[in-house]
Amino acid sequence: MKNRTVARMLLEIAQYLEIEGANAFKVNAFRRASQIVEEMGEPVEDRLAELESIPGIGKGTAAVIREIVETGESVVLKELKEKIPDSLLPLLKIPGLGPKSIGRLYRELDISSVKELEQAIKQQKIRSLPGFGAKTEQKIREGIRQLNHKPERFPIALMLPVAEEIEDQLRKCRHIRRFSRAGSLRRFRETAKDLDFIVATDHPEQVADDLVHLPQVRNVINKGATKVSVEMDYQWPVAVDFRLVRDDEFASALHHFTGSKEHNVQMRQRAKRRGYKISEYGVENVETGELTTFETEYEFFRFFDLPLIPPEIREGKGEIERAETPGGLPQFIELSDIRGDLHMHSTWSDGGNTIRDMAEACRHRGYEYMAITDHSRSLRIAGGLSEEQLLAQKAEIDELNKEWDDFKILAGVEMDILSDGRLDFDDGVLKEMDVVIGSVHTAFKQNEDVLTKRVIGAIENNHVDFIAHPTGRLIGRRGPYALNVDAMLRAAKETDTAIELNANPNRLDLHAEHLRKAREEYGVRITVNTDAHSIPELDNMKVGIGTARRGWLTADDVINTMTLDELMRYLKRHD
DNA sequence: GCCGTTTTCGGCCCGACTGTTTTCAGTCG
């Protein structure tokens with residue numbers, strides 16, 4: 001029984017209870033239990049004896065978990081399913097329609113599926129219900145339409161350029177004192193539902209007018225003195241919220257709308273214990289009613305005796321507790337710690353720019369080194385290099401390196417790990433290269449055993465320095481292949497081989513949870529690289545660093561923060 | 001259902017917005 005299955009069943013219990021109209025806190029208890037099981041590092045069946053000692057799990061939920069693990073079923077869930085048809089659950093996804101309304105629609109109009117709901121709307125049955133009206137009916141209709149036509153969340157690769165474009169516009173707006181992105185994009189979550197911006201201004205009405213006239217606005221959802229919601233026209237309609245606040249409210253609003261929800265709940269619980277109330281406007285002393293505001297988030301956290309908790313780790317996953325321990329939070333990696341990019345392509349294989357252009361671009365970014373790592377011979381579709389071409393390329397790199405004394409190009413290769421587990425070049429070639437990357441580009445469908453052996457085989461080769469985009473997933477398009485990540489990390493630790501965090505926003509691979517595991521459980525070295533196929537893609541390092549911070553990484557965990565000398569010693573350690 | 005350096009009972013994060021209402025419930029973030 002997988003943790004995911006147990007979590008899924010607990011969540012279903014929560015959803016049925018919610019529709020039934022059960023106590024909201026009881027619902028929340030099951031939802032929380034579901035999340036705890038989902039995020040548990042080890043199999044839940046190994047922890048059956050100590051379930052009640054986990055915060056958030058008590059007598060009730062522990063009994064249900066044990067029952068599910070031991071019998072595969074839950075009596076509670078079974079009984080709920082008999083009372084409430086499972087075809088009601090999809091209705092929970094309709095925006096604007098919540099569990100209370102769904103419960104009433106079912107009990108009073110006998111509606112038990114999206115189809116029946118659509119029919120009832122057509123027959124104008126909804127508006128006849130007390131408390132519902134014509135507008136609500138239309139809102140539900142619109143909600144169903146959205147559900148069918150729009151992905152729920154957009155990948156960060158799509159949202160980042162949109163956010164950057166909006167920020168360019170905001171910089172040009174008059175009457176704006178300062179602004180910041182907020183929400184899940186500020187936390188560098190890999191997908192986002194919408195975009196949030198906090199805007200400080202003394203003239204909210206004028207700014208609101210300017211915002212609804214931004215070029216890409218296609219639809220104004222909502223326009224008031226504190227909030228402007230619009231839909232912007234990109235590949236899909238993108239929902240964008242602007243919160244207009246006074247300058248002294250800016251820090252509190254920014255914290256509030258950056259979230260995550262779980263982080264905010266924990267901060268508010270902490271405030272409450274101390275006799276304060278946190279809102280988006282400031283911190284209120286419950287006894288005196290006095291409101292404290294802050295110039296910056298740093299001051300906000302300091303008010304609660306905490307260091308600044310970076311947005312990227314505000315997920316309610318132990319960051320507040322860790323900040324309080326004597327050691328405090330780690331010193332998280334920053335973009336300025338990166339001294340070079342160790343994975344990129346040139347016109348020699350499928351890249352768009354020459355080696356010289358890529359080098360100048362890297363030097364311009366303040367790097368001390370970079371590695372050219374074009375594809376190897378088997379990857380024909382990407383113009384993979386033969387042995388001879390690889391050595392010729394190395395000669396070109398040696399020539400180029402004479403031009404700078406403050407910068408060095410390392411000669412590398414992104415070598416295919418073939419489907420039968422062999423490597424694309426033999427050791428004689430590999431030992432000539434400064435950087436050797438092992439990558440899986442074929443036979444993604446292999447089973448876990450075969451695929452994991454392929455990757456570990458590459459790790460065990462003395463010349464392989466790191467494994468690129470280890471799980472192969474493409475966010476929103478293709479899931480990871482069946483790699484046993486724990487087994488890979490163990491092998492990487494034993495051989496002191498690094499693992500890549502591929503900074504391409506379509507990949508972000510390894511993802512944040514695996515990175516945190518790599519650091520905290522295995523102590524594996526990571527390398528953050530862009531895998532750039534053209535100069536602009538070198539800027540993806542920003543997203544990579546955001547993701548590294550989500551994974552709680554420090555500069556010491558990442559090999560391309562080393563000086564050139566340190567790095568060369570590290571790369572040579574096996575040769 | 002969960003939880004307790006104020007509590008084993010009585011709380012459980014907070015506010016805005018919307019649509020339906022004469023004072024509020026539901027939904028959302």
Side-chain angles (χ1 to χ4, degrees), chain A residues 10 13-14 17-36 51-65 76 91-105 126-140 142-143 146 153 182-187 189 192-196 198 221-229 239-245 249 252-253 255-284 286 291 314 316 320:
Chain A
L10 290 167
I13 292 175
L17 285 172
E18 209 173 16
I19 293 173
E20 196 188 44
N23 178 310
F25 298 106
K26 182 175 172 180
V27 173
N28 198 37
F30 276 100
R31 188 158 272 151
R32 197 169 161 209
S34 165
Q35 200 173 359
I36 291 166
L51 283 175
E52 282 92 343
S53 68
I54 303 170
I57 295 187
K59 257 175 69 181
T61 45
V64 173
I65 293 170
V76 181
L91 270 66
L92 285 167
K93 288 199 170 161
I94 299 172
L97 191 64
K100 294 271 163 51
S101 306
I102 293 172
R104 283 198 57 202
L105 289 172
I126 310 287
R127 62 180 71 183
S128 64
L129 231 49
F132 289 72
K135 278 204 173 169
T136 305
E137 199 173 75
Q138 284 317 298
K139 211 175 137 188
I140 296 173
E142 179 58 20
Q146 278 187 30
R153 302 184 68 89
S184 48
L185 191 74
R186 182 164 182 244
R187 304 199 312 278
R189 256 195 80 165
K193 198 158 150 299
D194 54 16
L195 295 176
D196 294 289
I198 312 298
I221 312 290
N222 189 313
K223 178 177 173 242
T226 61
K227 177 179 165 178
V228 173
S229 301
V240 187
D241 279 349
F242 300 94
R243 310 278 166 165
L244 309 177
V245 299
E249 298 165 340
S252 280
H255 178 263
H256 177 88
F257 289 107
T258 296
S260 65
K261 198 174 157 186
E262 292 71 27
H263 170 86
N264 285 356
V265 167
Q266 290 176 16
M267 283 299 292
R268 284 175 183 155
Q269 285 167 342
R270 181 186 183 90
K272 193 164 182 167
R273 283 198 298 273
R274 298 175 169 212
Y276 293 97
K277 215 163 76 176
I278 299 177
S279 81
E280 55 259 58
Y281 302 111
V283 175
E284 186 188 320
V286 175
L291 189 76
R314 295 181 200 163
I320 298 173

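Letters A, B, ... are given to chains in the order of the sequence lines, protein chains preceding strands, and every chain is numbered from 1.
Residues passing the side chain to side chain donor-acceptor pair (under 3.5 Å) test with Ser260(A) are Glu262(A), sequence neighbours excluded. Contacts of Gln35(A) classified as side-chain contact (heavy atoms from CB on, under 4.5 Å), with partners at least two apart in sequence or in another chain: Glu39(A). Under the side-chain contact (heavy atoms from CB on, under 4.5 Å) criterion, Ser184(A) pairs with Arg153(A), Arg187(A), Arg189(A), Ala192(A), not counting sequence neighbours. Residues passing the side-chain contact (heavy atoms from CB on, under 4.5 Å) test with Ala182(A), sequence neighbours excluded: Asp196(A), Ile198(A), Leu254(A), Phe257(A), Thr258(A). Glu18(A) pairs by the side chain to side chain donor-acceptor pair (under 3.5 Å) definition with Arg31(A), not counting sequence neighbours. Taking the side chain to side chain donor-acceptor pair (under 3.5 Å) definition, one finds that Asp241(A) meets it with Ser229(A), sequence neighbours left out.
Taking atom NZ on Lys261(A) and atom P on dG15(B), their separation rounds to 15 Å, with Å as the unit. As rounded to whole Å, 15 Å separates atom P of dC14(B) from atom CZ of Phe257(A). Rounded to whole Å, atom C1' of dC14(B) lies 12 Å from atom CZ of Phe25(A). Straight-line distance from the CZ atom of Phe30(A) to the P atom of dC2(B): 7 Å, rounded to whole Å.
At least one donor-acceptor pair under 3.5 Å links the side chain of Thr61(A) to the backbone N or O of Gly58(A).
With C1' as the reference atom, dT7(B) and dC2(B) are 14 Å apart, rounded to whole Å. dC17(B) and dG11(B) are spaced 29 Å apart, taking the P atom of each and rounding to whole Å.
In dT7(B) the base sits syn relative to the sugar, since the glycosidic angle is no further than 90° from 0.
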Between protein and nucleotides 16-23 of chain B, what N or O pairs are separated by less than 3.5 Å?
unit_1: dA16(B); atom_1: OP1; unit_2: Tyr281(A); atom_2: OH; d: 3.3
unit_1: dC17(B); atom_1: OP1; unit_2: Thr226(A); atom_2: OG1; d: 3.0
unit_1: dT18(B); atom_1: OP1; unit_2: Asn222(A); atom_2: ND2; d: 2.7
unit_1: dG19(B); atom_1: O3'; unit_2: Thr136(A); atom_2: OG1; d: 3.0
unit_1: dT20(B); atom_1: OP1; unit_2: Gly133(A); atom_2: N; d: 2.7
unit_1: dT20(B); atom_1: OP1; unit_2: Gly133(A); atom_2: O; d: 3.3
unit_1: dT20(B); atom_1: OP1; unit_2: Ala134(A); atom_2: N; d: 3.4
unit_1: dT20(B); atom_1: OP1; unit_2: Thr136(A); atom_2: N; d: 3.4
unit_1: dT20(B); atom_1: OP1; unit_2: Thr136(A); atom_2: OG1; d: 3.0

Tabulate protein N/O versus nucleotide N/O from nucleotides 3-11 of chain B, keeping only pairs under 3.5 Å, one per line.
unit_1: dC3(B); atom_1: OP1; unit_2: Gly56(A); atom_2: N; d: 2.5

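At a threshold of 4.0 angstrom between heavy atoms, the contacts of Asn23(A) include nucleobase atoms, whether or not backbone atoms are also involved.
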Which side-chain N or O atoms in residues 131-139 of chain A pair as donor and acceptor under 3.5 Å with protein atoms at least two apart or in another chain?
unit_1: Glu137(A); atom_1: OE1; unit_2: Arg127(A); atom_2: NE; d: 2.9
unit_1: Glu137(A); atom_1: OE1; unit_2: Arg127(A); atom_2: NH2; d: 2.9
unit_1: Glu137(A); atom_1: OE2; unit_2: Ile126(A); atom_2: N; d: 3.1
unit_1: Glu137(A); atom_1: OE2; unit_2: Arg127(A); atom_2: N; d: 3.0
unit_1: Gln138(A); atom_1: OE1; unit_2: Arg141(A); atom_2: NE; d: 3.0
unit_1: Gln138(A); atom_1: OE1; unit_2: Arg141(A); atom_2: NH2; d: 3.2

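The 5' end of DNA chain B is approached more closely, in terms of each residue's nearest nucleotide, by Asn264(A) than by the other of Asn264(A) and Pro99(A).
With a cut-off of 3.5 Å on both pairing distances, dT8(B) has no Watson-Crick or G-U wobble partner at all.
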